[in-house]
Amino acid sequence: MHDEVKEYYGKVLQSSEDLKTDACCTTEEMPDHLKQAMSKIHTEVASRYYGCGLVRPQQLQGMRILDLGCGSGRDCYVLSQLVGEDGFVMGVDMTDEQLDIANAYIDYHTEAFDYKKPNIAFKKGYIERLDELNLEDNSFDIIVSNCVINLSPDKESVLKEAYRVLKPGGELYFSDVYSDRRVPAELVKDPVLYGECLSGALYWNDFQNLAKKCGFLDPRLVEDRPLGIENKQVEALIGHINFYSATYRLFKLDDLEAACEDYGQSVVYKGSIAHHPQFFNLDKHHAIERGRHFSVCGNTWQMLKESRFCEHFEFYGDMNKHFGIFPGCGSDIPFTKSISSDDSSVGGGCC
Ligand SMILES: C[S@@+](CC[C@H](N)C(=O)[O-])C[C@H]1O[C@@H](n2cnc3c(N)ncnc32)[C@H](O)[C@@H]1O
């Protein structure tokens, strides 16, 4: 699988124009400060972008970030601006052609961002084997990844390695493709379906269980969209499987509970995170308004208190008295389209 994927991203695809589906495209509206950061990215780097979501968590100043499957480096160069000169971004990818482009523009971007020295580095390697790159335990604040983990033949190792190198309280914030049912083995063998980030996709419930097994005890869905498969051949092959692009955030917090439990706690957002003056969106179910008491379960409390977000919240309560299960933290079926729907007219523009 590794060789087929290298061939696909190194030789078959030359730019996002060559994609056959919109799986590896991003359609989300970008806020102005991100548009500004994007405008500084060299066109050759941007033209080989194959991501499926926006991997821009809040509060990045000074952070050490690792990008799994960085490709030609578009996300890394945007993040390089958001972490500032004191932060650091490392991209890992296995495909020479992608890394050649990423590396070719380090000096260009250092100058464009007005930095004295680069705050970015790219390494060639496999995301299943970060130990071979000497990446140490507890060494990154945040890990991002954009449309890559579905391509890995060993997703469990990827998640376990991510957990190992994340600092406690850090998070894996990543966009990827998921399916609403398990993809049959014969489709996984199809090099185009696999290369286009479809047939390697995990069924969402298998993903959530795998994430928990690897230590990420309460996966939080940030956003999702159904993929529009507009290629007739691809559509015929995949039949009634529905695919989604989704962004999850997985916190490395050992004390999270298996379910959201109610301890009568609440938080108040101070509105102090740059570019997020009115709301802090933890995930799809938590838009926390500035200055307003917001009831939270014990897990959400920990995600805010034991992470880089702590200083931006006031915390009320503790975990001494239990009031039962917390209502409404998430839903069993995470994605927006009903899995029993026959409607194939899902949206999704391209790139
Ligand atoms: C769909 S592209 C996404 C690239 C990049 N994240 C972006 O948004 O443009 C997938 C990338 O992941 C890399 N990749 C896939 N599997 C990998 C693995 N097991 N180890 C390292 N890189 C991998 C490929 O070489 C390719 O560059």
Side-chain angles (χ1 to χ4, degrees), residues 28 30-41 45 51 53-68 70 73-92 102 105-106 108-122 135-136 138-146 162 165-175 220 222-223 247-253 267-283 286-291 302-315:
E28 282 90 347
M30 250 186 236
D32 285 347
H33 73 282
L34 290 184
K35 281 188 193 148
Q36 207 188 338
M38 276 294 303
S39 70
K40 295 188 181 165
I41 307 299
V45 167
L54 266 189
V55 288
R56 315 277 183 267
Q58 310 92 332
Q59 185 64 24
L60 295 179
Q61 188 71 34
M63 295 290 122
R64 260 180 77 78
I65 301 184
L66 174 65
D67 183 358
L68 301 178
C70 61
R74 190 192 90 163
D75 284 333
C76 287
Y77 284 119
V78 170
L79 293 165
S80 155
Q81 296 171 75
L82 301 177
V83 298
E85 212 164 353
D86 296 333
F88 176 71
V89 181
M90 174 179 290
V92 170
Y105 292 100
I106 291 183
Y108 170 90
H109 289 103
T110 306
E111 201 171 307
F113 306 157
D114 209 13
Y115 291 168
K116 290 192 185 67
K117 57 180 176 40
N119 68 349
I120 197 164
F122 296 100
L135 300 190
E136 290 174 7
N138 308 321
S139 55
F140 287 91
D141 299 292
I142 299 162
I143 299 179
V144 299
S145 185
N146 203 343
V165 303
L166 266 180
K167 294 180 190 174
E171 62 170 324
L172 168 57
Y173 187 105
F174 73 112
S175 301
R220 294 294 177 96
V222 177
E223 54 194 359
T247 302
Y248 273 93
R249 76 192 316 169
L250 311 181
F251 283 91
K252 177 175 174 173
L253 288 166
V267 297
V268 174
Y269 176 45
K270 297 178 188 170
S272 46
I273 296 181
H275 312 297
H276 302 275
Q278 292 306 332
F279 282 94
F280 176 87
N281 289 75
L282 177 68
D283 58 40
H286 294 82
I288 306 178
E289 192 172 0
R290 172 190 185 163
Q302 286 190 58
M303 288 173 196
L304 300 173
K305 189 133 184 26
E306 309 296 331
S307 70
R308 66 190 187 282
F309 301 125
C310 179
E311 64 183 284
H312 301 285
F313 287 86
E314 288 162 11
F315 294 86

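Numbers for residues simply follow the sequence, beginning at 1. Bear in mind that the values here come from a model prediction, so they are computed numbers and not experimental data.
- In this structure Phe174 satisfies the ring pair (Phe, Tyr, Trp, His ring centres under 6.0 Å) test together with Phe207, sequence neighbours excluded.
- Salt-bridge check for Asp141 with Lys167: passed, with a basic side-chain N closer than 4.0 Å to an acidic carboxylate O.
- From Tyr77, atom OH reaches atom SG of Cys70 across 9.0 Å, with rounding to the nearest 0.5 Å.
- Rounding to the nearest 0.5 Å places NZ of Lys305 at 12.0 Å from CD of Glu311.
- Of all non-hydrogen atoms in Asp67 and Cys76, the two that sit nearest each other are OD2-SG, 3.4 Å.
- Summarising the geometry, atom CD belonging to Glu306 is positioned 10.0 Å from atom CG belonging to Leu304; distances are rounded to the nearest 0.5 Å.
- The backbone N or O of Leu34 lies less than 3.5 Å from no partner atom in the side chain of Gln81, so there is not a single donor-acceptor pair.
- Applying the side-chain hydrogen bond (donor to acceptor under 3.5 Å, both in side chains) rule to Gln59 yields the partners His312; only residues at least two apart in sequence or on another chain are considered.
- We find the CG-CG distance between Leu60 and Leu79 to be 6.5 Å, quoted to the nearest 0.5 Å.
- Shown here for Ile142 and Pro57, the closest heavy-atom pair between the two residues is CG2-CG, 4.2 Å.
- Formation of a donor-acceptor pair under 3.5 Å by the Asn146 side chain with backbone atoms of Leu54 is not found in this model.
- Annotation: cation-pi pair Arg249/Tyr173 absent, no NZ/CZ under 6.0 Å from the ring centroid and within 45° of its normal.
- Residues satisfying the side-chain hydrogen bond (donor to acceptor under 3.5 Å, both in side chains) test with Arg308, not counting sequence neighbours, are Glu171.
- The distance from the CG atom of Leu166 to the CZ atom of Phe251 is 10.5 Å, given to the nearest 0.5 Å.
- Separation of atoms CG (Asp32) and CE (Met38) is listed at 13.5 Å; rounding is to 0.5 Å.
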Leu135/Met90 under side chain to side chain contact (heavy atoms under 4.5 Å, CB included): CA gap, chis, key distance, verdict: CA-CA 10 Å; Leu135 300 190; Met90 174 179 290; 3.7 Å; yes
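- No side-chain heavy atom of Arg64 sits under 4.5 Å from any side-chain heavy atom of Val83.
- Using cut-offs of 30° and 60° on the angle between ring planes, the pair Tyr269 and Phe313 is tilted.
- The two atoms that bring Asn138 and Pro168 nearest to each other are OD1-CD, 3.9 Å, heavy atoms only.
- In this structure, Ser145 and Leu68 approach most closely via the heavy-atom pair OG-O, 2.9 Å.
- The minimum heavy-atom distance linking Leu253 with Met303 is given by the pair CD1-CA, 3.7 Å.
- When all heavy atoms of Ala37 and Val78 are compared, the closest pair comes out as CB-CG1, 4.1 Å.
- Sparse packing is recorded around NZ of Lys116, with 12 or fewer heavy atoms of other residues, nucleotides or ligands lying under 6.0 Å away.
- In this structure, Gln36 places its CD atom where only 12 or fewer heavy-atom neighbours from other residues, nucleotides or ligands lie under 6.0 Å away.
- Applying the side-chain hydrogen bond (donor to acceptor under 3.5 Å, both in side chains) criterion to Asp283, with sequence neighbours excluded, gives Arg220, His286.
- For Phe113, the ring pair (Phe, Tyr, Trp, His ring centres under 6.0 Å) criterion is met by His109, Tyr115, not counting sequence neighbours.
- With sequence neighbours excluded, the residues that form a side-chain hydrogen bond (donor to acceptor under 3.5 Å, both in side chains) with Ser80 are Asn119.
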